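These notes are about the structure you will find just below.
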2 protein chains.
Amino acid sequence: MYSNFTVDCVILGFHEGELKVLLAERNEYPFKDWWALPGFFVDNDEEMEDAVKRILYENTGLKDVFMDQLHSFAGLKRHPKGRILTVAYYALIQLDNTKLKTKPVTNYMKQAKWFPVRNVPELAFDHKQILDLCLERLQRRLAYKPIAFELLPEKFTLTQLQLVYEGILNKTLDKRNFRKKMQNYGFLKELDEVQTGVAYRAARLYKLDKRKFLKHFQNTVAF
Amino acid sequence: MYSNFTVDCVILGFHEGELKVLLAERNEYPFKDWWALPGFFVDNDEEMEDAVKRILYENTGLKDVFMDQLHSFAGLKRHPKGRILTVAYYALIQLDNTKLKTKPVTNYMKQAKWFPVRNVPELAFDHKQILDLCLERLQRRLAYKPIAFELLPEKFTLTQLQLVYEGILNKTLDKRNFRKKMQNYGFLKELDEVQTGVAYRAARLYKLDKRKFLKHFQNTVAF
DNA sequence: ATTCAAAGTGTAGAATATACACTATAAAAA
DNA sequence: TTTTTATAGTGTATATTCTACACTTTGAAT
């Protein structure tokens with residue numbers, strides 16, 4: 001039995017140097033055939049976060065995904081059938097080629113597809129507003145939440161890390177300054193491993209020491 | 001006619017060097033006689049923000065108050081009568097002696113009273129969690145939203161401003177460094193006026209140039 | 001052996017942050 | 001009118017962080 005509110009989820013991944021969002025093509029009215037953020041009604045006996053997890057699983061096949069609440073939207077006119085409150089979340093996944101191929105998994109949507117976040121089709125409801133808010137929040141939270149690392153595989157190169165920062169901040173960064181700063185933070189573990197399968201000099205791999213990351217940023221506020 | 005969700009509001013003011021929150025003593029079950037954040041059901045045909053404004057007006061007599069959404073809470077067990085989703089807001093008011101004297105204004109509460117934010121009684125529902133989240137958010141948002149200024153009268157002294165910053169950040173700041181930094185930002189208008197009614201040297205008054213404030217901070221993110 | 005494509009590295013100057021203590025002023029009290 | 005009191009208001013030196021900037025190294029492919 002459904003409750004009377006929904007969750008909508010901005011599912012983000014990073015692929016080919018770009019931040020991408022998973023959108024669903026709706027197969028139901030209103031906004032049938034429009035692209036929208038994956039979302040659905042929360043069940044009456046279901047925790048809200050579990051509903052988000054369910055949507056994530058249906059759309060990506062993944063469990064244990066990093067997620068965070070964004071904002072709630074309850075405008076009287078946001079849904080043509082009357083007010084439907086929605087709680088928006090974002091989720092960050094490690095997107096790779098295997099996950100790029102999406103399949104329709106629920107009957108209320110025709111297909112799901114990844115789009116570059118800054119080049120999405122027109123979206124249903126107020127979903128464009130939700131996406132924009134998400135991107136703005138990510139820029140701020142990047143500084144004190146392990147956002148960049150949730151978008152990367154466990155082992156990553158500094159160049160990959162820089163590309164994620166650039167994708168979220170939507171601007172290019174200086175390579176040397178970026179590396180210096182990251183390494184000075186002290187929460188990157190340098191591994192004795194390098195990249196494989198590249199046709200040029202292989203880059204060193206790093207891991208995040210989440211413990212040190214959180215300790216470093218728990219008291220990071222102005223002044 | 002009530003909808004099925006509520007708004008709860010962390011109403012904050014600054015008085016006698018301390019950040020204070022307005023709490024309401026409940027006159028209804030559940031949690032009758034407990035202190036709680038002011039909040040109530042949103043009407044079916046009422047915008048959520050208007051509901052917050054209504055609660056603010058009932059409790060403080062003020063309109064046009066600065067407010068911002070915090071987070072939504074929808075735990076199945078947060079309310080003994082079943083899940084009630086609540087959207088938490090915070091609001092910042094200019095608290096002075098006239099506003100300190102509160103009166104009971106609604107029948108679902110016995111009285112309202114101001115408490116120092118870091119010394120509140122045990123709260124109903126998950127309201128302590130909401131308050132703590134609010135204080136944490138304020139610390140972060142202080143750096144890019146005009147939070148400190150919403151807690152002060154239009155004209156204020158630098159010492160008053162510093163006290164607000166200290167109250168929110170919950171630590172003391174260096175006077176000279178604080179003033180230097182604030183004045184360097186360039187969004188404070190120095191007035192040709194000084195404080196009145198003090199028994200010692202009167203301090204110069206300042207106003208916020210909100211336009212410059214927002215311009216200054218709109219692009220303030222890491223890197 | 002050469003080419004290619006990306007990895008990896010240092011330094012100088014600018015800006016910002018921090019630590020720190022005394023003088024100036026206005027009203028009140030003597 | 002002088003003195004006291006309480007807060008306003010101010011500068012400098014050092015440390016830290018930020019920024020701009022270009023070449024050498026490496027490993028695979030040709």
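Scope of the values below: all heavy atoms of this structure, side chains included, with no hydrogens, waters or symmetry mates. Residue numbers begin at 1 in each chain, while the letters A, B, ... track the order of the sequences. These numbers were taken from a predicted model, which means no experiment stands behind them.
- Side-chain contact check for Asn184(B) and Lys181(B): no donor-acceptor pair (N or O, by modelled atom type) lies under 3.5 Å.
- Defined by atom type and a distance below 3.5 Å, a donor-acceptor pair is present between the side-chain atoms of Gln183(A) and Tyr206(A).
- Asp174(B) comes within 4.0 angstrom of a base, heavy atoms only.
- Between Tyr200(B) and Leu205(A), it is Leu205(A) whose nearest contact on DNA chain C lies nearer the 5' terminus.
- Across the protein-nucleic acid pair, Arg176(A) atom CZ and dC18(D) atom P stand 17 Å apart, rounded to whole Å.
- Note that Arg54(A) lies outside the cation-pi zone of Phe40(A), set by a 6.0 Å cut-off to the ring centre and a 45° limit from the axis.
- The pair Glu25(B)-Lys113(B) fails the salt-bridge criterion, with no side-chain N (NZ, NE, NH1 or NH2) lying under 4.0 Å from an Asp/Glu carboxylate O.
- Thr157(A) comes within 4.0 angstrom of nothing in the nucleic acid, heavy atoms only.
- The CZ-P distance, from Arg204(A) to dT25(D), rounds to 18 Å in whole Å.
- Within 6.0 Å of NZ in Lys212(B) there are 12 or fewer heavy atoms belonging to other residues, nucleotides or ligands.
- When rounded to the nearest whole Å, the span between OH of Tyr206(B) and P of dA8(D) equals 12 Å.
- Here Arg179(A) lies in heavy-atom contact (under 4.0 Å) with a base.
- Residue whose closest nucleotide on DNA chain C sits further toward the 5' end, between Ala199(A) and Val194(A): Ala199(A).
- Of all nucleotides in DNA chain C having an atom under 4.0 Å from a heavy atom of chain B, the first and last in 5' to 3' order are dA17(C) to dA28(C).
- The separation between Arg201(A) atom CZ and dT25(D) atom P is 10 Å, rounded to whole Å.
- Remark: C1' of dT7(D) and CD of Gln160(B) are 12 Å apart, rounded to the nearest angstrom.
- The residues Glu122(B) and Lys128(B) are annotated as not salt-bridged, no charged nitrogen and carboxylate oxygen being separated by less than 4.0 angstrom.
- Counting distance only, with no hydrogens placed and no angle test, the side-chain atoms of Lys180(B) and the base atoms of dT12(D) include a donor-acceptor pair under 3.5 Å.
- Across the protein-nucleic acid pair, Gln183(B) atom CD and dT10(D) atom P stand 7 Å apart, rounded to whole Å.
- Atom pair Lys175(A):NZ and dT19(D):C1' shows a separation of 17 Å (rounding to whole Å applied).
- Rounded to whole angstrom, the span from the CG atom of Leu173(A) across to the P atom of dC18(D) amounts to 13 Å.
- Centroid-to-centroid, the aromatic rings of Phe213(B) and Phe149(B) come within less than 6.0 Å.
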